[in-house]
Student: 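The structure is given below, and queries will be raised subsequently.
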Amino acid sequence: MALFVVDSDQDQDRLYKLISGTRQAVPTARRLIVTHVSRFRDDNQTFRHAVAAGKVDALLLMPQGPRDEEFHLAVGELLNEWNATVAAPVVENVRIITPEKDALTRDLLDYLARVGMPAGVHHPDSEVGREVLASCPEDEGRWPIVSSLAGWCGHCPDVRSLANQLYGRPDDIDVDQVVDLVVVGAGPAGLAASVYASSEGLSTVCLEAEAIGGQAGTSSMIRNYLGFPRGISGMRLAQRARGQALRFGTRFFTGWPATGISQCEHGDHHVVHTDGGDVHARTVLVCTGVDYRRLGVESLEELVGRGVYYGAAMAAARELAGDHVVVVGGGNSAGQAAIHAARFASSVTVVVRRPDLTATMSSYLIDEIEWNPRITVRPCTRVVDGGPDDVGQLAWLDMEDVDTGARERVEARGLFLLLGAAPECGWLPDEVLRDERGFVLTGRDVPTEHWADGVPPEDLATTVPGIFAGGDIRAGSMKRVASATGEGASVVSSVHTWLGQ
């Protein structure tokens, strides 16, 4: 069941009971209230809180004729997001053949989900498995084997190999070509910069270490991004932005983290280094974002990929139907992960060290969490231990009260860790100054002794001419999708200024 449509023309208590019943019966389905034009103004006031709190996904005016583009577009969007986050794909672009769904297989599935690539896992003895193995018999026994509709087939030892097959290597670029801009990181800032730079005629290359979209790409539903009143998943937003950038000429290479930046031998441009090749560029935008901090509990680090995940791991959430899941973190990413997990898990516990979520999470997410009967917030608590079952999957966690030190052991089959920001910029040269936490300094945040002739660098310029920074990696940034997008777009004018010198 993908969508419940409920007419507002009935008793309000009965209507809410009906909607609550649909959530209990099919928590993954979307819920839509429709209203007649004669009731729309009153219903808009009545159900405003229900929409804001996530009790229903949308309130729409009933179609007034055989063609009602706005209504059909809205329903199409709801079904599209349901299909992306819940449904098993009808057409599998990628097939993974393996006798067991191990940690690597889950990593491959998570990567494919983040890049919007429908995929399925099949046993070697299944009909699909035998069909794929017939195409590459030399790799049989070297699991997993990955097959694509694009025609390649073979053993896939890691996510980078899969990304290489999908998007190529940076050394595919002609070594004699010096591009105008290299964007390092394809999160919201990097994608916005790629769109605006290439649309203005700048030759642009975007390098991404993992999947297009960065951390934002793991969000199951972003409801407060401008222009998407019914929300949009991070993956969909990222893939739409990538499509825009491709249309204007940006070249993308994923699975290849930058390992350094140096000056070319003539000193007139920069060289961005990766293990897959170098890219020569006149300007560089660093927007590699932040990574989730490690929990630091050795027993749980050993279970990463086997019930323990850093990030939302949307593909893994589907496998936890009927189980108890714990989400650690108090930011928006943690809230979105908890709401998504609650569509599958029987119960979800959000664990935070603070007394509540108000200081770190957007109000609309707090409301949605409070209303959802499957989600419980456990404040002033941390996870201190955990262990596996007989087959090596996560089975239990120890919780500790940060005030009293009291411990409690709980059963849990899934642990999602979204523990705040650790900047991804250790690969940058020392000349690019950072603050005490490792975030890149730009503009007026740069110490005055590094200003040129008493003038600070431009707002997004670093201490190295021609190298800019934007998004979460920049010191003082807001750590929000919209602000990162704005920085990525606005840096293009500074790039133009630098190229014009």
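Owing to the predicted nature of the structure, the values given are computational and were not obtained by experimental measurement. Residue numbers start at 1 and run along the sequence shown.
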Student: So H123 and E100, side chain to side chain donor-acceptor pair (under 3.5 Å) or not? Walk me through it.
Tutor: CA-CA 8 Å; H123 194 277; E100 63 171 335; over 6 Å; no

Student: How close do I473 and C425 get, heavy atom to heavy atom, and via which atoms?
Tutor: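 Answer, listing the atom of I473 first, then C425: CD1-CB, 3.4 Å.
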
Student: Roughly how far, to the nearest 0.5 Å, is the CG atom of L59 from the CZ atom of F40?
Tutor: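 Atom-to-atom, F40:CZ and L59:CG are 5.5 Å apart.
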
Student: Looking only at heavy atoms, which two atoms of G330 and V352 are closest? And how far apart?
Tutor: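 Taking G330 first and V352 second, the nearest heavy atoms are CA-CG1, 3.6 Å.
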
Student: Stepwise, does the side-chain contact (heavy atoms from CB on, under 4.5 Å) test hold for R23 with W371?
Tutor: CA-CA 12 Å; R23 180 183 288 275; W371 183 82; 2.8 Å; yes

Student: Look only at the side chain of T358 and the backbone of D356, and say whether a donor-acceptor pair between them is shorter than 3.5 Å.
Tutor: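 No; judged by distance alone, with no hydrogens or angles, the pair does not exist.
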
Student: Contact between V279 and F253 at the side-chain level, heavy atoms closer than 4.5 Å - yes or no?
Tutor: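 Result no, sub-4.5 Å side-chain heavy-atom pair not found.
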
Student: So, does D57 use its side chain to make a donor-acceptor pair with the main chain of R31 at under 3.5 Å?
Tutor: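 Yes, because the side chain of D57 sits within donor-acceptor range (under 3.5 Å) of the backbone of R31.
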
Student: Got a salt bridge between K101 and E319, using NZ or NE/NH1/NH2 to carboxylate O under 4.0 Å?
Tutor: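 E319 and K101: salt-bridged.
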
Student: Using 0.5 Å steps for rounding, measure from the CH2 atom of W82 to the CE atom of M1.
Tutor: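 Between atom CH2 of W82 and atom CE of M1 there are 10.0 Å.
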
Student: When you measure from the side chain of T283 to the backbone N and O of D180, does any donor-acceptor pair fall under 3.5 Å?
Tutor: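 Indeed, once roles are kept as given, a pair shorter than 3.5 Å links the two residues.
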
Student: Heavy-atom distance under 4.5 Å between the side chains of R378 and M399, does that happen here?
Tutor: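 In contact.
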
Student: With a 4.5 Å limit on heavy-atom distance, are the side chains of R382 and L295 in contact?
Tutor: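 Not touching, per the 4.5 Å side-chain cut-off.
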
Student: Any donor and acceptor pair, going by atom type alone, linking the side chain of S490 with main-chain N or O of G486 inside 3.5 Å?
Tutor: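 Yes, because the side chain of S490 sits within donor-acceptor range (under 3.5 Å) of the backbone of G486.
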
Student: Determine, stepwise, if the pair Q393 / R306 fulfils side-chain contact (heavy atoms from CB on, under 4.5 Å).
Tutor: CA-CA 5 Å; Q393 295 291 316; R306 293 181 289 149; 3.7 Å; yes

Student: Applying side-chain hydrogen bond (donor to acceptor under 3.5 Å, both in side chains) between T250 and each of S203, S198, S194, report the one that passes.
Tutor: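 That would be S198.
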
Student: Judged by atom type as modelled, is there a donor-acceptor pair below 3.5 Å linking the side chain of T218 to the main-chain atoms of G311?
Tutor: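 No; zero donor-acceptor contacts below 3.5 Å.
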
Student: So, using side chain to side chain contact (heavy atoms under 4.5 Å, CB included) as the criterion, who are the partners of E370 when residues are at least two apart?
Tutor: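 Applying side chain to side chain contact (heavy atoms under 4.5 Å, CB included) to E370 gives I366, D367.
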
Student: Start with the C-alpha gap between Y111 and T254, add the side-chain angles, then the distance that decides, and say whether side chain to side chain donor-acceptor pair (under 3.5 Å) holds.
Tutor: CA-CA 11 Å; Y111 175 81; T254 70; 2.8 Å; yes

Student: State, to 0.1 Å, how close T204 and A197 come at their nearest heavy-atom pair, and which atoms those are.
Tutor: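 Minimum heavy-atom separation between T204 and A197: OG1-CB, 3.6 Å.
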
Student: Dump the intermediate steps for salt bridge (charged side-chain N to carboxylate O under 4.0 Å, His left out) on D7 and R39, then the final yes or no.
Tutor: CA-CA 11 Å; D7 191 336; R39 304 189 304 271; 3.0 Å; yes

Student: Can you name the nearest heavy-atom pair linking L417 to Y292, along with the distance?
Tutor: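 Reported closest heavy-atom pair: O-CG, 4.0 Å.
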
Student: Are there over 12 heavy-atom neighbours, none belonging to E127, within less than 6.0 Å of that residue's CD?
Tutor: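 For E127, atom CD is not crowded (no more than 12 foreign heavy atoms under 6.0 Å).
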
Student: Would you say the side-chain atoms of H324 pair up with the backbone N or O of E411, donor to acceptor, closer than 3.5 Å?
Tutor: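 Yes; judged by distance alone, with no hydrogens or angles, the pair exists.
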
Student: Answer with yes or no after comparing the ring centroid distance for F416 and Y309 against a 6.0 Å cut-off, counting only values under it.
Tutor: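 Between Y309 and F416, which both carry aromatic rings, the centre distance is below 6.0 Å.
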
Student: State, to 0.1 Å, how close R114 and G214 come at their nearest heavy-atom pair, and which atoms those are.
Tutor: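 Looking at all heavy atoms of both residues, the shortest contact is NH2-O, 3.1 Å.
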
Student: Quick one: do the N332 and S362 side chains pair a donor with an acceptor below 3.5 Å?
Tutor: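 Their side chains do contain a donor-acceptor pair, which is all the 3.5 Å distance test asks for.
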
Student: Drop me the distance from D11's CG to L18's CG, to the nearest 0.5 angstrom.
Tutor: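 Between atom CG of D11 and atom CG of L18 there are 11.5 Å.
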
Student: With rounding to the nearest 0.5 Å, note down the distance linking CD1 in I33 to OG in S8.
Tutor: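 With rounding to 0.5 Å, CD1 (I33) is 7.0 Å from OG (S8).
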
Student: Hey, are the side chains of F468 and T442 touching, using non-hydrogen atoms and a 4.5 Å cut-off?
Tutor: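 They are not in side-chain contact.
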
Student: Between the main-chain N or O of V351 and the side-chain N or O of R353, is there a donor-acceptor pair closer than 3.5 Å?
Tutor: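 No, because the side chain of R353 does not come within donor-acceptor range (under 3.5 Å) of the backbone of V351.
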
Student: Would you please test M117 and L166 for side-chain contact (heavy atoms from CB on, under 4.5 Å) and show each step?
Tutor: CA-CA 10 Å; M117 192 76 67; L166 293 174; 3.7 Å; yes

Student: Verify salt bridge (charged side-chain N to carboxylate O under 4.0 Å, His left out) between E368 and R223, making sure each step is shown before the conclusion.
Tutor: CA-CA 11 Å; E368 197 163 346; R223 295 192 184 276; 3.5 Å; yes

Student: Pick from N44, D43, V37: which one makes a side chain to side chain contact (heavy atoms under 4.5 Å, CB included) with L61?
Tutor: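 Single side chain to side chain contact (heavy atoms under 4.5 Å, CB included) partner of L61 among N44, D43, V37: V37.
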
Student: Verify the neighbour count for atom CD of E200: are there more than 12 heavy atoms of other residues, nucleotides or ligands below 6.0 Å?
Tutor: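 Counting neighbours around CD of E200, more than 12 heavy atoms of other residues, nucleotides or ligands fall under 6.0 Å, so yes.
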
Student: Which residues pass the salt bridge (Lys or Arg N to Asp or Glu O under 4.0 Å) test with R230, sequence neighbours left out?
Tutor: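 Scan of R230 (salt bridge (Lys or Arg N to Asp or Glu O under 4.0 Å), adjacent residues dropped) gives E70, E77.
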
Student: Take L394 and L300, measure what side-chain contact (heavy atoms from CB on, under 4.5 Å) needs, and give me the verdict at the end.
Tutor: CA-CA 8 Å; L394 177 70; L300 292 173; 4.0 Å; yes

Student: Is any side-chain heavy atom of L32 less than 4.5 Å from a side-chain heavy atom of V34?
Tutor: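 Yes, close enough: below the 4.5 Å cut-off.
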
Student: Please examine the side chains of V491 and Y196, heavy atoms only from C-beta on, and report whether any two atoms are closer than 4.5 Å.
Tutor: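 No, side chains not in contact.
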
Student: If every non-hydrogen atom of Q244 is compared with every non-hydrogen atom of V195, which pair is closest and at what distance?
Tutor: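 So the two residues come closest at CB-CG2, 3.8 Å.
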
Student: Atom CG of L191 and atom CD of E208: how far apart are they, to the nearest 0.5 Å?
Tutor: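 So the gap between those two atoms works out to 8.5 Å.
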
Student: Given R474 and E487, is the salt bridge (charged side-chain N to carboxylate O under 4.0 Å, His left out) satisfied, shown in steps?
Tutor: CA-CA 10 Å; R474 190 180 65 82; E487 291 185 9; 2.6 Å; yes

Student: Is a donor from one side chain sitting under 3.5 angstrom from an acceptor on the other, for S161 and D158?
Tutor: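 Checked: S161/D158 side chains pair up, N/O donor to acceptor below 3.5 Å.
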
Student: Would you say the side chain of V272 lies within less than 4.5 Å of the side chain of V284, judging by non-hydrogen atoms?
Tutor: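 Yes, at least one pair of side-chain atoms sits under 4.5 Å.
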
Student: Kindly compute the distance separating CD1 (I97) from SG (C156), expressed to the nearest 0.5 Å.
Tutor: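 Result: 12.5 Å between the selected atoms.
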
Student: Taking distance alone, no hydrogens or angles, what donor-acceptor pairs closer than 3.5 Å link side-chain atoms of residues 334-347 to residues at least two apart or in another chain?
Tutor:
| residue | atom | partner | partner atom | Å |
| --- | --- | --- | --- | --- |
| Q336 | OE1 | S219 | OG | 2.8 |
| S346 | OG | G322 | O | 3.2 |
| S346 | OG | D323 | O | 3.1 |

Student: Between I222 and F228, is any pair of side-chain heavy atoms under 4.5 Å apart?
Tutor: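 They are not in side-chain contact.
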
